[in-house]
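Data first, discussion second: the structure below is written as structure tokens.
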Amino acid sequence: MKSTVEQRGYRFGPERRVRKKREYDEILGANRSRSDGRLIVFLAERSIAGEAETERVTPPSRLGLIVGRKVGHAPRRNRVKRLVREAFRLLQHELPAGLDIVVMPRPEAAKDLTLTEVQESLKRLVQRPLPAPRARKKKYGRNKSSKNRS
RNA sequence: GGGGGAGCGGAUGGUCGCGGCCGCCUUCGGGUGGUCGAGGAAAGUCCGGGCUCCAAAGAGCAGGAGGGUCGCUAACCGCGACCGGGUGAAAGCCCAGGGAAAGUGCCACAGAGAACAGACCGCCGAUGGCCGUGGCGCCUUGUGCGUCGCGGGACAGGUAAGGGUGAAACGGUGGGGUAAGAGCCCACCGCCGGACCGGGUGACCGGCCGGGCACGGCAAACCCCCUCCGGAGCAAGCCCAAGCAGACGGUUGCCUUUACGGGCACGGCGUGGCUCGCGUCGCACUCCGUCGGGUAGGGUGCAGGAGGCCGACGGGCCCCUCGUGGUGAGAUUCGCCGCCACGAAGUGGAAUGACCAUCACCGCAGGGCACGUCUCCGCGGUACAGAACCCGGCUUACGCUCCCCCCACC
RNA sequence: GGGGGUGUAGCCCAAUCGGUAGAGGCAAGCGACUUAAAAUCGCUCCAGUGUGGGUUCGAGUCCCACCACCCCUA
């Protein structure tokens, strides 16, 4: 991860995606969301549990997607996900680093989105500074037993 | 206008990206070059299989599925051809298309009658009564008897042709016949039977002979006959890592053997409905069973082909299908055909893309204008839809193109 | 992905064996009682059975296809 600063490309590999159900639960459980007419965005500071050695560089932000069945059939859901991924990829140097961002498009607006619209919404919703972490409201706590054990 | 079949599923270029495999480089983070990367339905999950596990996949019962014939197939509720039936003017389309004289059950309402049926209206009333009347005969001259007629009514009775009811009324049409009618008789059609003749692998078809007809419908009602089906499913299963918490039950019998062991019985469990049979355990505590607790990470399964051969089990060779490129004959070109080379999605918070330009196709209507659609400019659109172990089908959704057939008009 | 189930008035839910069209309750409306309301009583209204075919004389019921929703599954 030493080449983060000089790496100016627009790559979008697996290190920039949220991949585990546990990670999704943590990000949604932080319950810091904001939305506009198109998107709902959940934000969390990126946890660095795995890295034991001290890191002086903040890791890049990661993207996660939730596109429900109300958006439409599979090709339409794929289209929405690809648009959001592309917007994140092109904006990755303008957005703040060290965040986990989970994007959930609104079903009613997801019918006919364009790339520029998604870019606008994403930039506006993510670039504002984070509010203080609030208490978790167990709204998305599907596995509360595991949470209580830990 | 109607009907049948086949094909395609936008093209090219640019910029920025994603995933697999191979080669090279690497400071092991990655870089770089090449190559491949959604569908005809990938869909619904409606059938059939492969594969995996249940030790093996056995028998019977139950349950389920299929049902004209002959082929194709690994198999099928699939496909093809044919047979029979229905429908349409035709091309064509549709058919769960075995059995209703093995049995059980059902056929509401209406209607006279609904399953070895029935007589409401109507028709008739030949025959026998009844009433009226005419002729003849008898003697006991009467409101007489007998006999032969005519007429009437419709009492007994005959009838099932017609009306009417119904989804369905115990063959149809025509003629004869009759009091009126009726397969009562006859002709043709239909139906039934035949161990018959001819054709066909067969379903069946054609004929011949016999029978006046006896046999309503429903089996997507129970059922009978024939055929097929053990159960679960890639979240199957196998390996690694991580993690948790254990508790309870089982401590047999007989025979045989010096003993190991074997046999029978009994009990638990498994064989995902039951029985048999089979397997397994029964002094093992490292075994069997019941209940409870933990994990949701990684790898593999995992990829042209349900073709073949060989293998020292790592794989190799050949064949087939499709794609791309090259080449040969022919040809104006393309395609078809032959040969050679290379290739054959494999994700998994889930890749196969995003944006732009030009072209193609379709539509809109404003301007130009020959007033119709040519094209220049403008605007909008380009269907249905996304692999999740794989394959063969079915069904459903959907844009366009082409070919063929039938009918009508010119 | 795989396996299974359900669908009848606005809501909950009945309908022997298929029988000519659907019971009940809540809700709604009207009336009575009441000063008014609640409760109660009476009356009324509301379905063509998720959709489309087929079998049958006749289908909510039997069969097939499709649609929507729900549940289970390492």
Side-chain angles (χ1 to χ4, degrees), chain A residues 1-36 38-127 136 138-150:
Chain A
M1 288 294 174
K2 74 167 191 59
S3 62
T4 308
V5 177
E6 59 265 38
Q7 174 183 324
R8 292 293 304 176
Y10 294 91
R11 288 182 211 87
F12 184 58
E15 73 281 354
R16 300 196 138 253
R17 294 193 294 249
V18 183
R19 304 193 61 178
K20 301 286 186 283
K21 172 171 168 48
R22 208 195 315 257
E23 295 169 353
Y24 271 90
D25 287 340
E26 284 171 8
I27 296 162
L28 297 179
N31 201 18
R32 283 182 290 178
S33 67
R34 50 181 68 140
S35 63
D36 63 3
R38 303 189 186 104
L39 306 177
I40 305 171
V41 172
F42 295 85
L43 297 171
E45 272 125 16
R46 185 167 171 185
S47 59
I48 34 176
E51 283 114 313
E53 77 270 25
T54 54
E55 286 287 337
R56 54 222 177 274
V57 188
T58 52
S61 291
R62 298 189 300 178
L63 177 70
L65 285 166
I66 298 174
V67 180
R69 292 219 311 163
K70 280 194 172 180
V71 171
H73 52 240
R76 206 199 304 276
R77 294 200 301 271
N78 278 345
R79 162 81 181 169
V80 170
K81 286 190 272 189
R82 284 161 180 162
L83 280 178
V84 176
R85 270 197 287 266
E86 187 72 6
F88 178 82
R89 186 177 72 82
L90 295 173
L91 290 171
Q92 58 184 309
H93 299 298
E94 303 177 41
L95 296 176
L99 288 176
D100 279 336
I101 306 166
V102 172
V103 177
M104 191 160 78
R106 290 189 186 273
E108 58 272 21
K111 311 273 181 194
D112 39 20
L113 286 174
T114 65
L115 182 62
T116 50
E117 286 173 355
V118 177
Q119 281 179 309
E120 280 172 23
S121 291
L122 194 63
K123 209 190 298 185
R124 185 167 58 243
L125 292 173
V126 174
Q127 270 182 341
R136 182 171 160 275
K138 74 180 283 185
K139 186 177 176 184
Y140 293 94
R142 303 231 325 262
N143 52 351
K144 67 170 192 284
S145 57
S146 69
K147 195 72 177 181
N148 290 346
R149 268 196 305 274
S150 66

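None of the values given here were measured: they were computed from a predicted structure. The sequence lines fix the lettering, A, B, ..., with proteins before strands; numbering per chain opens at 1.
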- [ ] Starting at atom CZ of A:Phe88, determine the distance to atom P of B:rA354, rounded to an integer number of angstrom.
- [x] 19 Å

Task: With A:Asp36 via side chain to side chain contact (heavy atoms under 4.5 Å, CB included) - residues at least two apart - done: A:Arg38, A:Leu39, A:Ser121, A:Arg124, A:Leu125

Task: Anti/syn call for B:rG40, syn if |chi| within 90° - done: syn

Task: Strand-adjacent residues in residues 76-85 of chain A, judged by heavy atoms under 4.0 Å from RNA chain B - done: A:Asn78, A:Arg79, A:Arg82, A:Leu83, A:Arg85

TODO: Specify the residue among A:Leu90 and A:Arg17 whose closest nucleotide of RNA chain B lies further upstream toward the 5′ end.
DONE: A:Leu90

Task: Per A:Glu86 side chain, nearest of listed nucleotides B:rG353, B:rG386, B:rG297 - done: B:rG353

- [ ] Just name whichever nucleotide pairs with B:rG33, Watson-Crick or G-U, keeping both distances under 3.5 Å, else none.
- [x] B:rC22

- [ ] Supply the atom-to-atom distance A:Ile66 CD1 to A:Met104 CE, rounded to the nearest 0.5 angstrom.
- [x] 6.0 Å

Open item on the list: Please classify C:rC17 as syn or anti, treating any glycosidic angle within 90° of 0 as syn.
Closed with: syn

Open item on the list: Would B:rG29 be called syn or anti here, given the cut-off of 90° from 0?
Closed with: syn

Task: Pairwise P distance for B:rU395 and C:rA65, with rounding to whole Å - done: 11 Å

Task: Between C:rG3 and B:rG233 - C1' atom distance, rounded Å - done: 9 Å

- [ ] Report the base-pairing partner of C:rU55 (Watson-Crick or G-U wobble, both distances below 3.5 angstrom), or none.
- [x] none

Task: Watson-Crick/G-U partner (both atom distances under 3.5 Å) of B:rC188 - done: B:rG172

- [ ] Please state how far atom OH in A:Tyr24 lies from atom P in B:rG297, giving the value in whole angstrom units.
- [x] 13 Å

Task: Chi-based syn or anti call at B:rA167, which uses purine or pyrimidine torsion atoms and a 90° bound - done: anti

Open item on the list: Test: ring pair (Phe, Tyr, Trp, His ring centres under 6.0 Å). Region: residues 69-92 of chain A. Which pairs qualify, not counting sequence neighbours?
Closed with: A:Phe12-A:Phe88

Task: A:Leu65 vs A:Ala74, nearer the 5' end of RNA chain B by closest nucleotide - done: A:Leu65

TODO: With a 3.5 angstrom cut-off on both distances, give the Watson-Crick or G-U wobble partner of B:rC337, or none if there isn't one.
DONE: B:rG328

- [ ] Using a 90° cut-off around 0 for syn, call B:rG129 syn or anti.
- [x] syn

TODO: State whether the side chain of A:Ser61 and the backbone N or O of A:Gln92 hold a donor-acceptor pair below 3.5 Å, judged by distance alone.
DONE: no

Open item on the list: Taking C:rG29 as the reference, what is the distance to C:rC46 when you measure between their C1' atoms (whole Å, please)?
Closed with: 11 Å

Task: Gap between atoms CZ and C1', on A:Arg89 and B:rC18 respectively (whole Å) - done: 9 Å

TODO: In whole angstrom, give me the gap between the P atoms of B:rC288 and B:rG298.
DONE: 32 Å

Task: By salt bridge (Lys or Arg N to Asp or Glu O under 4.0 Å) - contacts of A:Lys123 (at least two apart) - done: A:Glu94

Open item on the list: I'd like the C1' distance from B:rG297 over to B:rA241, given in whole Å.
Closed with: 8 Å

Task: Between CD1 on residue A:Ile27 and CG on residue A:Asp100, distance to nearest 0.5 Å - done: 4.0 Å

Task: Atom P, compared across B:rG299 and B:rA235: separation rounded to whole Å - done: 14 Å

Task: Nucleotide nearest A:Arg22 (side chain, heavy atoms from C-beta), chosen from B:rA296, B:rG349, B:rA350 - done: B:rA296

TODO: Write down the partner of B:rU290 under the Watson-Crick or G-U wobble criteria, each distance required to be under 3.5 Å.
DONE: B:rA247

- [ ] Could I get the full list of side chain to side chain donor-acceptor pair (under 3.5 Å) partners for A:Glu86, not counting sequence neighbours?
- [x] A:Arg89

- [ ] Please state the P separation for the pair B:rU347 and B:rA388 - nearest whole angstrom.
- [x] 14 Å

Task: Partner nucleotide, any strand, of B:rA74 [Watson-Crick/G-U, under 3.5 Å] - done: none

Task: Paired nucleotide for B:rG380 [Watson-Crick or G-U wobble; both distances under 3.5 Å] - done: B:rC362

TODO: Check for a donor-acceptor pair, side chain of A:Arg77 on one end and backbone N or O of A:Gly72 on the other, with a separation under 3.5 Å.
DONE: yes

TODO: Counting Watson-Crick and G-U wobble pairs only, both distances under 3.5 Å, name the nucleotide matched with B:rC322, or none.
DONE: B:rG343

Task: Which residues share a salt bridge (Lys or Arg N to Asp or Glu O under 4.0 Å) with A:Glu120, sequence neighbours left out - done: none

Task: Interatomic distance where CG belongs to A:Leu91 and C1' belongs to B:rA354 [whole Å] - done: 13 Å

